[in-house]
Number of protein chains: 2
Amino acid sequence: MKLSKGNSEAAPRTVDDRLFLQSVERAMRALEAFGQQARPLSLAELAAATGMDRSAAQRIAHTLQALGYLERAGGGTGGQGLVPGKRLLDRSFDYLRMNPLVERATPILQELRRTTQERVDLSLFDGTSVIYAVRLQSKRETFFATLVGRRMPTFGSSGGRAMLAALPAAEAEAILEQSDRRRMTPKTVTDLPGLRAKIAEAQRDGFALSLEEALLGEVVLAAAVLDAQRRPVAAIHVAGSLSEWDVEAFRRRIGPLAMEAARALSQAAPEGLTPR
Amino acid sequence: MKLSKGNSEAAPRTVDDRLFLQSVERAMRALEAFGQQARPLSLAELAAATGMDRSAAQRIAHTLQALGYLERAGGGTGGQGLVPGKRLLDRSFDYLRMNPLVERATPILQELRRTTQERVDLSLFDGTSVIYAVRLQSKRETFFATLVGRRMPTFGSSGGRAMLAALPAAEAEAILEQSDRRRMTPKTVTDLPGLRAKIAEAQRDGFALSLEEALLGEVVLAAAVLDAQRRPVAAIHVAGSLSEWDVEAFRRRIGPLAMEAARALSQAAPEGLTPR
DNA sequence: TATGCTTGTATCGTTCAACGATACGAAAAA
DNA sequence: TTTTTCGTATCGTTGAACGATACAAGCATA
């Protein structure tokens, strides 16, 4: 049924949970439907995509529309399907504003962006996927498909690998195995031995480097940000173009900078407290 | 019958609506509570902030947590309140991805950013406020408090005024009057005559210019983006620093560029079809 | 023109999902 | 210590939500 996406829920939903609100789940599923079908959906399509009947879809769409979380596609005039509503941006804003990591990251990322003159990203760890939370594009950036909120598979993202390298081996292995290891470019490493080697490399170097694995012509280097328990929560990425960089030079020049930025962002563990 | 005891919403909802799902509204209100209180909320606080009892808050928090739209503040370990969940970023991503305006805007904004070397924003019209949907920061940007999803009052944003200038006078006037015209800086224009003059100026020039009205030391120029019905739907902003720009030079240099970009992004009305 | 299939919208009995009160142990605060 | 507040769990009641159904408008196809 549900393929392993970036699910990071604490408790797997037990079947009959007296505290679980069915209609709320339905509402969120309705919003999530647009993650799959990136086009305006009619009520019937929405019902089909979420597995509910027309009536339920009608009630939910009506409610979400009244609240501003769904909008008519035509812009209000012609009723030609539903699309996500602007209100969703507010909720995302709240998330970013409340995340202390994002807040603290901003000046550090800017400084890194200034010294490297390259694109700098902050991604958040979320199980089998990572989410881009901040992007500071480089001045000569031409490619811009990626937006805040975009998910990337953990296994295939340099930041993801940097974070896997900071996890206990068993956990990292579990994530690799749960992942849908799909190729993004011909150079994406997808086999388990290869990935384990990349992670070991990241453990040795203190940063992960991926070469054209997400986008051809691009080299990305990332270092993990740790919380007070020394667990990875985020990663700082620096992306450069192969038309301007030699890989070894990139590694030597950017690696220390990214690691220093990640360390500055990591929460220092209190003395005497060792991670269990 | 429980009539709204603590209905503190601003949204005018028609009262007894057989299709309106109470629990969905409660769930969204729970998420919205963090827009007001930007800190982790306990169940009791959440209940108080949304006007529901403890039990309702418990059920809703439990459900939203299971779905990933709420998270424990401590990072899962210590149970010290709730914060918005990462999943919210996905929904926001869906919105931006599905918005054809944002998609088409990206290359145009990049080009504008490249030629002006200044910060370029795209904001979306939403009644008395505008929402920033895209931000391309300038290379020397130091100030970064603003994130995607941030709302600004329409009356006090240069983009908002550019859009008001493109609206029928009655509608623009209605928005001005409904607005909470609060000062953001000492230079914010908040009186109706002054605002009408600024809008008239925008109609004359084809762009709006605001001087230190949102942030001291900053000059912002914006042009409205129109849809096929010639109604404003968005605005393109260019922001410069007064330490580097003379206002008149900024107007002369940036004005035409912003207008051209906005025109390129506007949907040309088909020939022979006049807006009704 | 008729016809068939959408679309969005509205109505209506039935019933179970959601309701609100309440209780409990742990942790934090006083 | 006591008191308060935290998160969590239970339970009988009931009305909010359910799903079936109907209808008009729009738009193709026949």
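- Straight-line distance from the CG atom of Leu21(A) to the P atom of dG15(D): 18 Å, rounded to whole Å.
- With rounding to whole Å, Glu45(B) atom CD is found 18 Å from dT4(D) atom P.
- Note: CG (Leu41(A)) to P (dT6(C)) measures 16 Å, nearest angstrom.
- Counting non-hydrogen atoms of neighbouring residues, nucleotides and ligands closer than 6.0 angstrom, the CZ atom of Arg54(A) reaches no more than 12 such neighbours.
- Between Arg97(B) and Pro84(A) the shortest side-chain heavy-atom distance does not fall below 4.5 Å.
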With 3.5 Å as the limit, what N/O pairs link the protein to nucleotides 9-13 of chain C?
{"unit_1": "dA10(C)", "atom_1": "N7", "unit_2": "Gln58(A)", "atom_2": "NE2", "d": "2.8"}
{"unit_1": "dA10(C)", "atom_1": "N6", "unit_2": "Gln58(A)", "atom_2": "OE1", "d": "3.2"}

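- Between His62(A) and Phe20(B), the shortest heavy-atom distance links the atoms CD2-N, 4.0 Å.
- In this structure, a donor-acceptor pair under 3.5 Å is absent between the side chains of Arg231(B) and Gln229(B).
- At whole-Å resolution of the value, CG in Asp17(B) and P in dG8(C) are 17 Å apart.
- For the residue pair Ser23(A) / Ser23(B), a side-chain donor-acceptor distance below 3.5 Å is found, with atom types taken as modelled.
- Computed from coordinates, the Leu70(B) CG to dG7(D) C1' distance equals 14 Å when rounded to whole Å.
- Each end of the helix from dG4(C)-dC27(D) to dA30(C)-dT1(D) gets its own rotation axis from five pairs of C1' atoms, and the angle between them is 40° to the nearest 10 degrees.
- Residue Leu82(B) contributes atom CG, which lies 13 Å from atom C1' of dT8(D) at whole-angstrom precision.
- Side chains of Tyr132(A) and Arg151(A): a donor-acceptor N/O pair is absent below 3.5 angstrom, by distance only.
- Listed pair Arg26(A) / dG19(D) meets the phosphate criterion, a side-chain N or O lying under 4.0 Å from OP1 or OP2.
- Pairing each heavy atom of Ala202(A) with each of Arg161(A), the nearest pair is CB-O, 4.4 Å.
- Within the 4.0 Å cut-off from OP1 or OP2 of dA18(C), at least one side-chain nitrogen or oxygen of Ser23(A) is found.
- Under the 4.5 Å side-chain criterion, counting only non-hydrogen atoms from C-beta, Ile60(B) is in contact with Met52(B).
- Here the P atom of nucleotide dC19(C) and the CG atom of Asp53(B) are 8 Å apart, to the nearest Å.
- For Ile60(A) and dC18(D), the CD1 to C1' distance is 11 Å, given to the nearest whole Å.
- A donor and an acceptor atom, one from each side chain of Arg87(A) and Tyr95(B), are nowhere located under 3.5 Å apart.
- Between Gln22(B) and dC19(C) there is a side-chain polar atom (N or O) within less than 4.0 angstrom of OP1 or OP2.
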